[in-house]
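Quick note on labels: first sequence line is chain A, next is B, and so on, each numbered from 1.
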Number of protein chains: 2
Amino acid sequence: MKEFDPAPHATSDDRPPDLRAGAFQGVREARRNELAEDYVELIAELIHDQGEARPVDIAARLGVKVPTVSKTLDRLAREGLITRAKYRSVFLTEEGRALAKECRRRHEIVLRFLISLGLDPETAERDAEGMEHHVSERTLALFAAFANRS
Amino acid sequence: MKEFDPAPHATSDDRPPDLRAGAFQGVREARRNELAEDYVELIAELIHDQGEARPVDIAARLGVKVPTVSKTLDRLAREGLITRAKYRSVFLTEEGRALAKECRRRHEIVLRFLISLGLDPETAERDAEGMEHHVSERTLALFAAFANRS
DNA sequence: GCAGAATGTTAGCCTTGTCTAACTTTATGT
DNA sequence: ACATAAAGTTAGACAAGGCTAACATTCTGC
């Protein structure tokens, strides 16, 4: 494995690799929750806007098929974020509602920040959707402050 | 499904739901590529810093087990991003190198931006790791401009 | 009030990403 | 130089998230 000279750059960082793994661990953790967060946020929005959250509407908004939604809703129910009865629309539990509220807050802050930076609303919306799950509370505070002061 | 009055808020947006699905479609697309991007970026870094990229080091840095890395590397090879020989360390293809370079560029811009916003470097690193895959080219340009002018 | 349309569920398949356990190959130290 | 340690691979399990096809239920318009 080392037929060639193995001393290429010697770039300072001598910490054992594991100590730098934190960033990726965190990202993977965030990725696991992204979908659930997207769902509860969307469900809350649908309930607010249309009075109920139906699988067919969730599927249309997320761009997936209805059976995919059905399966995911089963998981969310198992995790205590929603309640559902067969063939009926979906409701958030207290926990689900809290999560939705938190997600919406983050989403709003990121969105307002991007727009105040000068981004067009459409792109801002798309980027916020992807970014919101990966922004720390500390960064969020800076985003909010920036949007407020500009 | 509508035993109750279904006209709750009537909030403007009458586009068919499918037309608003774009944001999520894009996010899902981005999510599919995140892992590959993390890998090639890390592989490039390891080759640069240590002269070679070994599964054991990749695993340590990503915080996963070696067999997980091995399987993922098989996929990356299948997709033409890396080349590998049994029991040997990993190399990037031209395509892999291009992707790594692009990822590094994005990472750097996001990181510099967050730091110039006032974030501490550790948190900035963690957030950049998560955000970099979800930031559009347009937003990236704004980030770069902001970091440069401050 | 019923037939047909719309919606929802279930079953079954595929891929990805994670793990552990068992095995093979490569590297190392004396 | 060979025994042992370190690294890598393979096999097999599992959960998540996506799909289609087939079936069940609910809604709706006459």
Side-chain angles (χ1 to χ4, degrees), chain A residues 1-4 6 16-18 21 24-39 42-43 46 50-79 81-91 133, chain B residues 1-4 6 16-18 21 24-39 42-43 46 50-79 81-91 133:
Chain A
M1 204 145 269
K2 298 242 181 109
E3 308 90 346
F4 53 89
D18 336 78
F24 286 109
Q25 299 274 24
V27 171
R28 255 207 325 289
E29 176 63 20
R31 280 173 194 163
R32 260 222 317 285
N33 299 319
E34 281 180 55
L35 200 64
E37 293 178 4
D38 287 343
Y39 268 78
L42 175 54
I43 288 166
L46 286 171
Q50 339 214 284
E52 63 176 350
R54 302 183 310 162
V56 69
D57 294 324
I58 297 171
R61 281 290 292 278
L62 294 181
V64 298
K65 302 300 178 184
V66 173
T68 299
V69 169
S70 197
K71 199 194 268 192
T72 303
L73 291 178
D74 285 343
R75 171 169 76 89
L76 299 185
R78 199 182 344 123
E79 292 173 356
L81 293 170
I82 66 170
T83 58
R84 62 196 308 237
K86 263 195 180 186
Y87 298 102
R88 316 252 64 145
S89 56
V90 177
F91 299 92
H133 308 286
Chain B
M1 203 148 266
K2 298 242 181 111
E3 307 91 346
F4 53 89
D18 336 77
F24 287 107
Q25 298 274 25
V27 171
R28 252 207 327 289
E29 176 63 20
R31 280 172 194 164
R32 258 222 320 285
N33 299 318
E34 279 180 59
L35 201 64
E37 293 178 3
D38 287 344
Y39 268 79
L42 175 54
I43 289 165
L46 286 170
Q50 338 215 285
E52 63 175 352
R54 302 183 310 164
V56 68
D57 294 324
I58 298 171
R61 280 289 292 277
L62 295 180
V64 299
K65 301 300 180 186
V66 173
T68 300
V69 169
S70 198
K71 200 194 264 193
T72 303
L73 291 177
D74 285 342
R75 172 168 77 88
L76 299 185
R78 199 183 345 122
E79 292 173 356
L81 293 170
I82 65 171
T83 58
R84 61 195 310 237
K86 261 194 179 185
Y87 297 102
R88 316 252 64 147
S89 57
V90 177
F91 299 91
H133 309 286

Any idea which of dG18(D), dT20(C), dG8(D) is nearest the Lys65(B) side chain?
dT20(C)

dT18(C) phosphate, OP1 or OP2: any side-chain N/O from Arg28(A) under 4.0 angstrom?
yes

Just N and O in the side chain of Arg75(B): are any of them under 4.0 Å from OP1 or OP2 of dG17(C)?
yes

Closer than 4.0 Å, any side-chain N/O of Lys86(A) to the OP1 or OP2 of dT10(C)?
yes

Partners meeting salt bridge (Lys or Arg N to Asp or Glu O under 4.0 Å) with Glu37(A) (sequence neighbours left out):
none

For Arg28(B) and Leu62(A) the tightest heavy-atom approach is NH1-O, 3.1 Å

Would you indicate what Arg32(B) reaches in the nucleic acid, counting non-hydrogen atoms under 4.0 angstrom: base, sugar-phosphate, or nothing?
nothing

For DNA chain C, find the residues of residues 66-74 of chain B with a heavy-atom distance under 4.0 Å and give them by number; none if there aren't any.
Pro67(B), Thr68(B), Lys71(B)

Arg78(A) side-chain N/O to dA16(D) phosphate OP1/OP2 under 4.0 Å:
yes

Student check: side-chain heavy atoms of Arg54(A) and Leu46(A) closer than 4.5 Å
no

Quick one: does any side-chain atom of Arg61(A) pair with a main-chain N or O of Phe24(B) as donor and acceptor, under 3.5 Å?
no

Is there a side-chain polar atom (N or O) of Arg84(A) under 4.0 Å from OP1 or OP2 of dT9(C)?
yes

Side-chain contact, heavy-atom cut-off 4.5 Å: Leu81(B) with Arg75(B)?
no

